[in-house]
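Read the structure below first, then the notes.
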Amino acid sequence: MAEPSDFRTLKILDRFRPIIAKTGADYDVLRLILRVKFQMDQRRVPTIMSTRTKSKESKEGNQYVRSLWLYALMGAIMVPFVVWNTGQFMLQMGILFGVLMFMIMTSMISDFSSVLLDIRDRNIILTKPVNARTVGMARAIHAGVYLVLLTGSVTAAPLIAGLVTHGIGFFLLFLFQIILISMLILVTTSLIYLFMMKFLDGEKLKDMINMVQILLSVGIAIGYQFVVRSFDIIDFKVAFTPEWWQLLLPPLWYAAAYDWLFAGRGGLWIYTLTALAVVVPVICLIVYVKLMPSFELYLEKMAHSGQTSSRRRGKWDRLVAKLFSRSTEEQACFRLSASMMRNEREFKLKVYPTLGFSLVMPYIFWYTALQSLSWTEFRQSSFMYTLYIMLVLLVTTVIMLKYSGQYKASWIFRVAPMVNENVLYRGALKAFLSNIFIPVFLLNVIVFTWTFGLRILPDVAVILLTATALIPVSGKFMLQKPPFSQSFSVAQQSDGWYIFAALPVFALLWGAHVFFRSFSGGVWMYGVILILANVLLWKLLYRVKKPVVKSSAVV
Amino acid sequence: MALEQELSKTNREQVLSIEGLRMRYNGRYVLNGIDLEVHRGEMIGYIGPNGAGKSTTVKIMLGLVEGYVGNVRIFGQDIADGNVEYKRRIGYVPEVAELYEQLTPAEYLTFAGELYGLSYEDADYKAKLLMDCFGLEKSYHSRIASFSKGMRQKVLLISALLHDPDLLFLDEPLSGLDANSVMVVKEILSQLSAKGTTIFYSSHIMDVVEKISSRIVLIAEGRVVADGTFKQLQQQSMEGSLEEVFNQLTGFNEHKAIAERFVSIVQEVN
């Protein structure tokens, strides 16, 4: 094999050599590290599975890069906000930047945290004569390159739309701001990690980071709603009134510049916001470069697990497991799944944000409805059907059940003398139902009942029964590998399409619900049908055969 | 004989010196004042119970951990001065076989070599030959992810030795290797040591440590409890094997009782 082929990215990077060298990093070593990192990214395919190679997996090339077109498609959603000429840039660009930052930040947290917090680098690279700043810089650039690719794909469509409708000046400003935003996001994410690593250590730190990752993703989702809310949209009387808390909303910092340069609005307020847009990222960057070596050292804490206090849990799980399943094997699988869902960080990181989001989703619909309805009207309305949206949670989580950060440990299932693998699926699905779905669902049911009154309780029961019936079905369709047995690195973006495929099904179920409700006693009839469906689906789809005791095998 | 050794020791160049090394984790002292001087060509068996502070000492010396109190000099350089140059002469085999699994040995080893300042060609040339020595010539271009534990360990060993270091830190370097490879590696180590490479060997397998070390340093509760040749330790504690010396010095004598309990619990279930 000849010398490894160079990557285009590295060639581009070479032009920035003097700047990078100025930060105190050794450029040649940095380039070497990055080349290896890119090489590895091209092979994110789990070769551990090489014993049963699939033609699908043998495709070379960066999986991530190949998924970028999906982001480009998502970016197209933002085009209207650019084209739409209300003269109120604060609103349209504010929303646009809100969406943009949401997309970039969530992707940053969920996909690049492993890049930023890779502790393998310590043993492999830092033990060699490489200074910590170089490693930190390589890390930042590694994440940064992907960030640029991601932002590039997401903003391609809006950028072009901006160029066509508002001209070159707009385009250049937009481009400049996008660079600032990427920088801001990369640096703040790293800084948040840094401060957490400073004050916590070991397992607690990992739990904490995990929680922040989850909260951040949910928080950004909700915060983005806030951007919309900060205007009085009704009747397009878009009036922007300065408030102090707007200083805390980065999307508005960036939107302010357009109000100033393209709508001719001035004033101290606009200038302050615009200044923040430039000053904050720059300050953060300087602080980050200064702190980079300590970042590397703090990572050591990640590898170091302190004395873990023995938490005694499991009584509750045992009780629920007994309630939901009869065979002890299934109970064991139930308990395992329950604790995996509660403790496995990678799983939590991928699944819990959807959980939070599906909790909030119905209220977004409420919000739009309340623009035209009064509260009393609303309470009489049939908006309790928005509870159906929570079924999205069901589908997304069931797909994810097969993944785990500790997927290699699944050998234990094959080693154990298990008669039927269905026990495993049943245990996992039931654990999901009782420990994730029902609690989240009930939380919303409380709010719904408080809003719409007790009259909706039969309907709520119907929706819950629909959900429980859907679980084995979606399990059969989408969970074709044993629970927790696959690496997240095989998680495919195409999984997302299942949700789009499921949406018509939800609509259909909703239709059925409405239909049965149209005549008296219909709800009860539908309820009975659903109960029967539940029994049948759980029994038939995951049949647990009685072990056939052969005479020779009798002990 | 002992006198001769003493004499040659003082003549030898000092490779490493640790003075009053203390380190605190979560308010607890993991290292409680370690003093150690190591000279060129010594093969040190660095032993101690789990959690005694062995790997922390090694990590400090490699610059992976900061915030210690005391003085650590390697090749005469204070490692706290921020210059990482001293690492160029160090080789390290970590306890856990952490590697970039997505790479092939060819890629991984040239990468490691280049980080130590070798040219790509030199690193590639040497790595290939060394892989041949371990009988891995056919795997030079396959992914490490598909390797067995022993193969990974060999790759790790090569990556630690590629740049011909003067000081070697080995943490369980034989784990996963088959009996023949163990013999090869042990022989490699003793030849390297004879030619002047200083080796810091930590392991829990006492038989091996007993046989290959020219000096044994036992640490317990963050302190050096014993330091000397195997013979000296034997005399000091009046025990036969290093395992027994270890048990005695760390105050452990209930292995039988624990084993009995364990077995009785295992069999209770059936």
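For clarity, every value in this text was computed on a predicted model and none was experimentally measured. Chain identifiers are assigned alphabetically (A, B, ...) following the order of the sequence lines, protein sequences preceding nucleic acid strands; residue numbering begins at 1 within each chain.
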Q) So which of I124(A), D26(A), N131(A) has the largest heavy-atom pair count under 4.5 angstrom toward chain B? A) I124(A)
**Q.** Residue pair L126(A) / K87(B): nearest heavy atoms and the distance that separates them
**A.** O-NZ, 2.6 Å
Q.
Donor-acceptor check, side chain of K128(A) to backbone of G117(B), threshold 3.5 angstrom: yes or no?
A. no
Identify each donor-acceptor pair in which a side-chain atom of residues 153-162 of chain B lies under 3.5 Å from a protein atom, sequence neighbours left out, and give them as a table.
{"unit_1": "Q153(B)", "atom_1": "NE2", "unit_2": "E172(B)", "atom_2": "O", "d": "3.4"}
{"unit_1": "Q153(B)", "atom_1": "NE2", "unit_2": "P173(B)", "atom_2": "O", "d": "3.1"}
{"unit_1": "K154(B)", "atom_1": "NZ", "unit_2": "S181(B)", "atom_2": "OG", "d": "3.4"}
{"unit_1": "S159(B)", "atom_1": "OG", "unit_2": "L156(B)", "atom_2": "O", "d": "2.9"}

(Q) Quick check on Y100(B) against chain A: is it the side chain, the backbone, both or neither that has a heavy atom closer than 4.5 Å? (A) both
Q: Please report the shortest heavy-atom distance between R120(A) and L99(B), naming the atom on each side.
A: NH1-O, 3.3 Å
**Q.** Heavy atoms from other residues, nucleotides or ligands near CD of E221(B) exceed 12 (cutoff 6.0 Å)
**A.** no
Q) Step by step, would you call I33(A) with L115(B) a side-chain contact (heavy atoms from CB on, under 4.5 Å)? A) CA-CA 8 Å; I33(A) 295 171; L115(B) 286 183; 4.2 Å; yes
Q: Count the heavy atoms belonging to other residues, nucleotides or ligands that lie under 6.0 Å from CZ of R22(B), then report whether that count exceeds 12.
A: yes
Q: Run the numbers on T127(A) and L64(B) for side-chain contact (heavy atoms from CB on, under 4.5 Å), then give the verdict.
A: CA-CA 7 Å; T127(A) 53; L64(B) 293 179; 3.9 Å; yes
Q | Pairwise side-chain contact, M40(A) with L103(B), heavy-atom cut-off 4.5 Å (strictly under) | A | yes
Q. Relative to chain B, which segment of D28(A) carries a heavy atom at a distance below 4.5 Å: side chain, backbone, both, or neither?
A. neither
(Q) Between Y108(B) and chain A, with a heavy-atom cut-off of 4.5 Å, which part of the residue counts as in contact: side chain, backbone, both or neither? (A) side chain
